[in-house]
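What follows is a short report on a single structure.
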There are 2 protein chains.
Amino acid sequence: MEFGPGSAAHLVRLEARSGALSGPTANLAPGFVQANLAILPRALAYDFLLFCQRNPKPCPLIGVSDAGAPIIEALGHDLDIRTDVPRYRVWENGKLVGEPENITDIWCDDLVTFAIGCSFSFEEALLASNVPVRHIEDDTNVPMYRTSIETVPAGVFSGPLVVSMRPMKPQDAIKAVQITSRFPSVHGAPVHIGNPAAIGIADIAKPEYGDAVRIQEGEVPVFWACGVTPQAAIARVAPAFSITHAPGHMLVTDLVNANLSI
Amino acid sequence: MEFGPGSAAHLVRLEARSGALSGPTANLAPGFVQANLAILPRALAYDFLLFCQRNPKPCPLIGVSDAGAPIIEALGHDLDIRTDVPRYRVWENGKLVGEPENITDIWCDDLVTFAIGCSFSFEEALLASNVPVRHIEDDTNVPMYRTSIETVPAGVFSGPLVVSMRPMKPQDAIKAVQITSRFPSVHGAPVHIGNPAAIGIADIAKPEYGDAVRIQEGEVPVFWACGVTPQAAIARVAPAFSITHAPGHMLVTDLVNANLSI
């Protein structure tokens, strides 16, 4: 695995920057950490930072920019927040108003960028330990559900915990607890195993986000805190202006998945 | 171990509140998490929260209050930040101006309280695994050193990483890496093992804080990020007004050390 200038991660960013890449980033630059982005006005940044501090499982921050700075030094060499994600979403008062490939023309010095760890990192570790991940086998989106578990509110931000679900054989579920426990900065250990109703999920076949997956005889559903949680908390607030990545179109960082393991 | 109202942790807080306890909290309420406190004006809170996010090893936040709130719900039932620490330090423009036993009369709605994990938690885990801790054996303060490692700055906060040091036999040092890696919310794995000069420590016999300890034949010094780091960063800024706990006089929380392990 090559690091630094010219690394696979850097090349993905350069392709997004040039416009050559405008699609999803799954399976690109294997081994490198991909991040969810939330870009908020400075006036909301303190509350959001506190929300992430109080809810580290759904909101594992891996980097925060200075206000107005289009870089996050911790995340990479030659990284430009305005151009290096293949596709963004622009929100006004809670409404999606655009899905541009860069945000150079709407960037302003009032914006703070939050990069949040994503499950791609721990899924890579699961696959490396021969723990099958159903939605990857089936090439669909992971199923995600609103739960009856409330996040800890912070200022204007609040809302239910959203979880992702991966069905597994019990032996694999045990391995998955061990493996993902070592990745606290990308959601960490599961929040629940087994009965969906115990966390307020009425119908496991009907996820609120993503796609339903097959649950086979003898498998148990395993639930992890999900990065959609902070997105849903932001959507509730409906800021006058905010920007996120488009789903699946992540920021590919110079951090290495294996180094997140503790 | 008893939890909730009437627990050993709660009783320590009630003793501090009544004035019956004004001394250090080491060895009180074994098993419960003790926290460093930094109480800052709201205007500095965002920069400090960001400093902690960017420097999680020296600044492992375990709770942050709402502005003006004398409670941190995550840390305990019946917990009053203004009275439940046995002794505080009050700072004005970087100068120590008082060491009161409560801060009720100087409390104001502009203050935000940051509770930061402390090494007592992982030392308990080391002792439980029969890893001797020299300064505890010798009943002195842990030796602490400024290093040549810079923290990642955030807003007005910056400064060198301060580390604590525990000399150990190599086999114990290995166990200590394993054990403390499982406690990321109380400084986590060591930042360095061996040669003090490699991290800018000129004389291991002359700590900047705490007391020097014996290093025996065949032992290696093991260095952990230390909670004095954020205190030193605050001291550099010399806020017009701030409050900390007095050294060794910690906030005893309802969190349980064993539950911090991942």
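Nothing here was measured: the structure is a model prediction, and the numbers come from that model. All heavy atoms count here, side chains included; hydrogens, waters and symmetry mates do not. Below, read A as the first sequence line, B as the second, and so on, with proteins coming before strands; counting in each chain starts at 1.
Applying the side chain to side chain contact (heavy atoms under 4.5 Å, CB included) rule to B:S148 yields no partners; only residues at least two apart in sequence or on another chain are considered.
Near-neighbour residues of residues 46-71 of chain B relative to chain A, defined by a heavy atom under 4.5 Å from a heavy atom of that chain, comprise B:Y46, B:L49, B:L50, B:Q53, B:R54, B:L61, B:I62, B:G63, B:V64, B:S65, B:D66. By a heavy-atom distance cut of under 4.5 Å, not one residue of residues 223-233 of chain A is near chain B. Among the residues in residues 172-190 of chain A, those with a non-hydrogen atom closer than 4.5 angstrom to a non-hydrogen atom of chain B are A:S181, A:P184.
Counting heavy atoms of neighbouring residues, nucleotides and ligands inside a 6.0 Å radius, atom CD of A:E150 exceeds 12 of them.
The parts of B:A45 that come within reach of chain A are both its backbone and its side chain, each placing non-hydrogen atoms under 4.5 angstrom from that chain.
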